[in-house]
Structure formats: structure tokens, C-alpha cells
2 protein chains.
Amino acid sequence: MKWSELSDNWCPVARTLSIVGDRWTLLILRDCFLGLSRFEQFIESSGMTRHILAERLKRLVEAGILERRKYSDGPKRYDYVLTEKGQELAPALMTLRDWGKKHMPVRRATSADT
Amino acid sequence: MKWSELSDNWCPVARTLSIVGDRWTLLILRDCFLGLSRFEQFIESSGMTRHILAERLKRLVEAGILERRKYSDGPKRYDYVLTEKGQELAPALMTLRDWGKKHMPVRRATSADT
DNA sequence: TTGCGATAGTTCCAAAACGAAACTTAGGAG
DNA sequence: CTCCTAAGTTTCGTTTTGGAACTATCGCAA
């Protein structure tokens with residue numbers, strides 16, 4: 001079965017994951033909750049490639065989780081903000097954060113992390 | 001940046017996602033919470049390929065989230081059960097489920113869902 | 001004692017997704 | 001003009017995924 005076919009699954013967990021259950025999307029949303037909204041900010045913060053970021057942002061906007069907003073009229077520039085639907089993912093991010101804090105300690109960074 | 005480099009990220013959300021943030025892993029865990037434990041059960045329930053399932057189970061065991069348990073001595077058979085660490089992911093699954101229930105309605109269930 | 005079914009994988013290959021880096025588009029500043 | 005910023009897009013080689021067949025092991029029945 002393909003991942004994309006999951007959006008009609010009987011299980012609400014599966015349906016949720018069909019949007020946010022890939023390798024970067026939740027990290028973008030984390031950044032949104034941290035107050036970031038611009039393309040270059042997401043790139044810098046998450047370390048993902050522009051390629052993938054652009055694709056994920058498109059999907060999140062289509063899904064109604066982010067809104068693409070013009071923030072400059074001179075050189076037309078756009079950024080991304082959470083919709084209400086998107087904001088309601090906050091509890092999910094928080095539970096993942098709490099679990100990580102408790103169960104995924106940072107492994108000592110290779111000695112030379114000055 | 002490669003996904004695998006995320007396990008040492010400063011952000012606990014990112015560290016969590018380095019284990020459960022791919023396409024299928026949380027679905028396996030959902031099944032565990034539903035009481036499933038065997039390879040063939042996961043296959044049938046989630047629709048993922050044996051290939052991927054085997055790989056994900058291995059990672060979950062390494063991460064201490066599932067335990068591989070022998071349940072038959074005749075033909076040696078193994079199944080997978082949540083560790084304490086794994087059980088503590090329950091809140092995360094529940095928040096994802098709740099969000100899905102509210103925001104991801106089933107798009108018309110193929111007419112013949114008797 | 002050979003063949004069959006159940007269960008947990010492994011292997012193979014083509015297709016899709018990803019990662020890195022260069023390129024594009026458009027206005028502003030010097 | 002030419003460079004700079006910012007949001008993408010394109011290209012191309014590598015990795016991951018999906019699908020399907022194959023393997024291994026034991027229990028059971030003929």
C-alpha cells in the first residue's frame with residue numbers, strides 16, 4: 001500500500017499521519033510554533049533542503065494548516081503562518097517534545113563540539 | 001541535512017521524530033496500542049510491506065520502544081510488545097488521533113462500506 | 001518421510017522520494 | 001549596470017520505498 005492512500009483510512013491517526021507523518025513536516029510546524037514564518041528561516045532552522053521545504057509548504061497550505069501570506073509588496077514576498085487548524089496541532093507537538101525530553105537524551109556530541 | 005543526523009538535535013521534538021517521524025512507524029505503534037503484536041498482524045492491519053515493517057521493527061527494538069519476545073518454542077516465533085518507554089508514547093498517539101477526528105474527516109467512504 | 005500450511009522474515013528490482021547544489025525571478029541599493 | 005536579498009525551481013545522482021517472490025523452520029496429516 002502506498003502512503004498517499006492513507007488519507008482515507010478509517011483510523012484518525014492514519015489520516016493525520018497522511019499529512020504530518022513524513023520526515024520533515026512536523027519540524028516545519030515546530031518552527032511555526034517557535035514564531036518562524038519565512039522560507040529562509042525554515043531552511044536555516046531545520047536544515048532541510050529548499051526543494052523539500054517548498055514541497056512541504058505547498059502541501060501544508062493545501063491541507064489548510066498553513067496560510068501563505070504576502071508580507072511585502074515591493075519585491076513580492078510571502079511567508080507562512082499557522083491557521084486555526086494548524087494551531088490545534090500544538091498538543092501533538094508538545095507530547096512529542098515531552099517524550100523526547102524524557103527518553104531521548106542528547107548523546108554526547110563527538111568531543112570536538114566546541 | 002540528512003534525516004539520520006537529527007537524533008542529536010538540540011530540539012527534543014526533532015530527536016523524537018528521528019525515531020518515530022517517518023512514514024509508518026507511528027502506525028506500527030498505533031497497532032501495538034490496539035493490542036496487536038505479531039508480524040503478520042501488523043502487515044494486515046497497516047497495509048505496509050513486509051520489507052519496511054521488518055526494518056521498522058528492528059529500529060524500534062534498538063530504540064527500546066518495542067521488545068522482541070519469543071512466544072513459541074516449537075517453531076521459534078517472535079512478536080513485539082511495547083516497553084514502558086514505548087507505552088509513554090500513548091499521549092502522542094492520542095493527540096494525533098484527536099486532531100484527525102476533528103480535522104480530517106473521511107472523504108466519502110467508497111459507497112460500499114457496509 | 002513427503003508434502004502442506006503457518007509465520008517471520010529476506011532478497012530483488014523498478015519506481016518514487018530525497019539531498020546537494022546550481023539556477024531563476026524580481027525589486028532595491030549603490 | 002551590477003550586486004544583494006528572498007522565495008522558489010531545476011537538475012541529477014543517491015537512497016528509500018513498494019510489490020512480489022523466495023527462504024527457513026517446525027507441526028501436522030497422509
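What you see is a predicted model; the values in this text were computed from it and never measured. Proteins get letters first, then strands, A, B, ... in listed order; numbering begins at 1 in each.
The CG atom of B/L53 sits 18 Å away from the P atom of D/dT16 (whole-angstrom rounding). Rounded to whole angstrom, the span from the CD1 atom of B/I43 across to the C1' atom of D/dT17 amounts to 13 Å. Nucleotide C/dG19 holds its C1' atom 16 Å from the CG atom of A/L27, rounded to whole Å. Rounded to whole Å, the distance from CD on A/E44 to P on D/dT5 is 13 Å. Following rounding to the nearest Å, B/K70 (NZ) and D/dC26 (C1') show an atom-to-atom distance of 13 Å. Remark: C1' of C/dA8 and CD1 of B/I52 are 16 Å apart, rounded to the nearest angstrom. Summarising the geometry, the separation between CD on B/E55 and P on C/dG9 is reported as 13 Å, rounded to the nearest angstrom. If you take CD of B/E5 and P of C/dC18, they are 16 Å apart, rounded to a whole angstrom.
Proximity of B/E44 to B/E40: side-chain heavy atoms (C-beta onward) are nowhere separated by under 4.5 Å. Within the 4.5 Å cutoff, the side chain of B/R59 has heavy atoms near those of the B/D22 side chain.
The nearest heavy atom of DNA chain D to A/K2 and to A/H51 marks one nucleotide each, and the one closer to the 5' end goes with A/H51.
Closest to the side chain of A/A54, out of D/dG18, C/dC18, D/dG8, is D/dG8.
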Worked verdict on B/E62 versus B/R68 for salt bridge (charged side-chain N to carboxylate O under 4.0 Å, His left out): CA-CA 10 Å; B/E62 271 167 26; B/R68 188 166 183 266; over 6 Å; no

Verdict with reasoning, B/M48 to B/L27, per side-chain contact (heavy atoms from CB on, under 4.5 Å): CA-CA 9 Å; B/M48 65 193 300; B/L27 240 34; over 6 Å; no

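Remark: B/R68 is in phosphate contact with C/dG9, judged by side-chain N or O atoms under 4.0 Å from OP1 or OP2. Checking the phosphate oxygens (OP1, OP2) of D/dG18, a side-chain nitrogen or oxygen of B/W24 falls inside 4.0 Å. Not one side-chain nitrogen or oxygen of B/R56 sits closer than 4.0 Å to the OP1 or OP2 atom of C/dG9.
Residue A/M48 is classed as having no contact, given no heavy-atom separation below 4.0 Å to the nucleic acid. Within the nucleic acid shown, A/Y71 comes within 4.0 Å of sugar-phosphate atoms alone, with no base atom in reach, counting heavy atoms only. Nucleic acid contact for A/K58: sugar-phosphate only, since backbone atoms but no base atoms lie under 4.0 Å from a heavy atom of the residue.
In this pair, B/F42 and B/Y80 present their aromatic rings tilted. The plane angle is within the 30 to 60° band.
Side-chain atoms of B/R50 stay outside donor-acceptor range of the base of D/dA20, with no qualifying N/O pair under 3.5 Å.
Under a 3.5 Å cut-off, the side chain of B/R69 and the backbone N or O of B/Y78 do not form any donor-acceptor pair. Between the side chain of B/W99 and the main chain of A/P12, no donor-acceptor pair closer than 3.5 Å is present. A donor-acceptor contact shorter than 3.5 Å is absent between the side chain of A/S7 and the backbone of A/S18. Remark: the backbone N or O of B/I65 is paired with a side-chain donor or acceptor of B/T83 at under 3.5 angstrom.
For DNA chain C, the neighbouring residues in residues 29-39 of chain B, judged by any heavy atom under 4.0 Å, are B/R38, B/F39. Looking at residues 73-80 of chain A, you'll see A/G74, A/P75, A/R77 sit with a heavy atom under 4.0 Å from some atom of DNA chain C.
For CD of B/E55, the number of neighbouring non-hydrogen atoms (other residues, nucleotides, ligands) closer than 6.0 Å is greater than 12.
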